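Here is the structure we will look at, set down as structure tokens.
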Amino acid sequence: MSHSSRLSRIKIHIVSASLLGIAVTAVVGQAHAASSEGCEGGGFSLILPGGIVSGNQTSTVAAAALGTRFLVKGKYVEYYVDSASFGILAYTMTGAANELDITGGIRTVVFDSKTPSHRGLTLTSGVSLQLKDSDIVISRTGPGLSMKIQSKDCANGGIFQMEPERADGATTVFTHTLNAGAFYYDNPNFRAREGDVVPYKDITATVTARINFGNDLSEDFVGRDSPQVATRIAPANGACNNLITKRDGTTVIVNHCGGVSVWRVSSGGRMGQVMGEDSTEVAPPATNCTQNCQAQNQVRGRAVNLGAPFPVPASSRLNPRTSP
């Protein structure tokens, strides 16, 4: 079903601060402003082995307080962070009630893992933390390596991105593994319009093929991987070759697995995801950015939204789930 664009009203959710004996600068008692409707009431906390860190603040969590992993918990989104690598485990949409919820009210594990390969390097510092309204930014460094994670706590998915930086300038390989209930597919709505020129902001954009992920639980649940200065690594030897029919009746081979995607990310680039309407808009690729890249909301209402089918036809679902 095609997702119509919505204008967003804005609100801020203020939560109280508690920081395990670490200095806190908390903002309380503020008027509501500046957060999208889908993020209403949202806001993250860090659930650490020794307690909870919450409330609008900029602070540092000591390395000794992290444990081997910690939970980033929001009203709508939550996920575990591996402390040594900043890999992600069990990225979950909670299904909490909201007009813009895309899960159908069902708690939905989207990704089992998003794993960076640091090739022997490890994060060792404390975690720099910024909590503001529905946004979180966390970063950590180690010898020759730094990682940053940015995300929003929104019922319609919001933004999520991971940014590696290496002192040697080398790339980092990320492996995204969907939960068993989700799958990648070649979006037939985009194939049906492939090559068309459509309005985008004050210019135009050309419709190209689009790989999305979805599930069989909610007609509104849709997302896509969102690279910036990153390149997908196709499975070797055509291990996940899929024959996809184009609008003119010809076919094309798409070498992409149904449950896993692998990406080579430049130092200072980012690997992320977008969800909901943001994942089915026709827009140019993200601009290159390799320093202090900021997660940005997409331009709802200023791009053509082709939506996604539900249920997704078997002919569009990518197989096998993993490469041998």
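Along the sequence shown, residues carry numbers from 1. As the structure is a computational prediction, the values presented were derived from the model and not from experiment. These numbers come from the heavy atoms of this one structure, side chains and all, not from hydrogens, waters or symmetry mates.
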| request: Check the pair Phe86 / Leu145 against side-chain contact (heavy atoms from CB on, under 4.5 Å), numbers first and verdict last. | output: CA-CA 11 Å; Phe86 261 34; Leu145 176 68; over 6 Å; no

| task | Check the pair Arg191 / Thr245 against side-chain contact (heavy atoms from CB on, under 4.5 Å), numbers first and verdict last. | result | CA-CA 8 Å; Arg191 287 292 181 187; Thr245 301; over 6 Å; no

| side-chain contact (heavy atoms from CB on, under 4.5 Å) between Ile149 and Val81, intermediate numbers included | CA-CA 10 Å; Ile149 294 172; Val81 179; 4.3 Å; yes

| query | side-chain contact (heavy atoms from CB on, under 4.5 Å) between Gln57 and Leu129: does it pass, once the steps are laid out? | reply | CA-CA 8 Å; Gln57 60 183 277; Leu129 169 68; 4.3 Å; yes

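The aromatic rings of Tyr91 and Phe160 sit perpendicular, their planes meeting at an angle over 60°, well past the 30° parallel limit.
In terms of heavy atoms, Phe174 sits closest to Pro116 at CE2-CB, 3.7 Å. Heavy-atom minimum distance, Ile136 versus Phe44: CG2-CD1, 3.4 Å. Nearest heavy-atom pair, Asn215 versus Ala182, reported as atom, atom and distance to 0.1 Å: CB-CA, 4.3 Å. Across every non-hydrogen atom of Ala63 and Ser125, the tightest pair is CB-O, 3.6 Å. When all heavy atoms of Pro143 and Leu121 are compared, the closest pair comes out as O-CD2, 3.8 Å. Closest of all the heavy-atom pairs between Asp278 and Arg224 is O-NE, 4.2 Å.
The backbone N or O of Ile102 sits nowhere less than 3.5 Å from a side-chain atom of Asp220 that would complete a donor-acceptor pair. Side chain of Tyr76 to backbone of Glu40: a donor-acceptor contact under 3.5 angstrom is found. Using modelled atom types, no side-chain atom of Thr108 and backbone atom of Met93 make a donor-acceptor pair closer than 3.5 Å. Put simply, the side chain of Thr92 gets close to the backbone of Ala90: a donor and an acceptor are under 3.5 Å apart. Between the side chain of Asn179 and the backbone N or O of Val110, no donor-acceptor pair lies under 3.5 Å. At least one donor-acceptor pair closer than 3.5 Å links the side chain of Asp153 to the backbone N or O of Val77. Here the side chain of Asn242 pairs a donor or acceptor atom with the backbone of Asn319 at under 3.5 angstrom. Between the Arg210 side chain and the Ser279 main chain, a donor and an acceptor come within less than 3.5 Å of each other. At distances below 3.5 Å, at least one donor-acceptor pair connects side-chain atoms of Arg247 with backbone N or O atoms of Glu194. Under the 3.5 Å distance criterion, the side-chain polar atoms of Asn237 are left unmatched by any main-chain donor or acceptor of Ala239.
One finds a salt bridge joining Arg166 and Asp168 here, because a Lys/Arg side-chain nitrogen approaches an Asp/Glu carboxylate oxygen to under 4.0 Å.
Tested against Asp225 for a side-chain hydrogen bond (donor to acceptor under 3.5 Å, both in side chains), the candidates Lys114, His176, Gln273 yield a single pass: His176.
Between Phe70 atom CZ and Ser83 atom OG the span is 5.5 Å, to the nearest 0.5 Å. Note that OH of Tyr185 and CG of Leu318 are 10.5 Å apart. Values are rounded to the nearest 0.5 Å. Interatomic distance, CD1 of Ile244 versus CZ of Arg317, reported as 12.5 Å (0.5 Å rounding). Atom CG of Asn156 sits about 7.5 Å away from atom CD of Glu277, to the nearest 0.5 Å. Going from atom OG of Ser45 over to atom NZ of Lys73 covers 9.0 Å, rounded to the nearest 0.5 Å. To the nearest 0.5 angstrom, Gln228 atom CD is 6.5 Å from Gln161 atom CD.
For the pair Cys240 and Val254, the minimum side-chain heavy-atom distance is 4.5 Å or more. At least one side-chain heavy atom of Val61 sits under 4.5 Å from a side-chain heavy atom of Leu66. Contact annotation: the side chain of Arg140 never approaches that of Met147 to less than 4.5 Å [non-hydrogen atoms, C-beta and beyond]. Looking at Thr115 and Thr177, their side chains never come closer than 4.5 Å, going by heavy atoms from C-beta outward. With a 4.5 Å cut-off on side-chain heavy atoms, Glu163 and Gln150 count as touching. Contact annotation: the side chain of Arg107 approaches that of Glu78 to within less than 4.5 Å [non-hydrogen atoms, C-beta and beyond]. Looking only at side-chain heavy atoms (C-beta outward), Thr172 and Ser267 stay at 4.5 Å or farther from each other. Contact check for Asp216 versus Phe183: side-chain heavy atoms found under the 4.5 Å cut-off.
Residue Phe190 is grouped with residue Val198 when hydrophobic side chains (ILVMFWY) are merged at heavy-atom distances under 4.5 angstrom, including chains of intermediate members. Tyr184 and Val252 fall within the same hydrophobic cluster, defined by Ile, Leu, Val, Met, Phe, Trp and Tyr side-chain heavy atoms under 4.5 Å apart, directly or through other members. Val312 and Val260 are not part of a single hydrophobic cluster, where members link through side-chain heavy atoms under 4.5 Å apart. One hydrophobic cluster, built from ILVMFWY side chains closer than 4.5 Å, cannot hold both Ile233 and Ile211; they sit in different ones. Residues Leu217 and Phe213 fall into different hydrophobic clusters, defined by Ile, Leu, Val, Met, Phe, Trp and Tyr side chains chained together at heavy-atom separations under 4.5 Å.
Applying the 6.0 Å contact sphere to OH of Tyr80 captures no more than 12 heavy atoms from other residues, nucleotides or ligands.
Ser226 and Arg270 share a side-chain donor-acceptor pair at under 3.5 Å.
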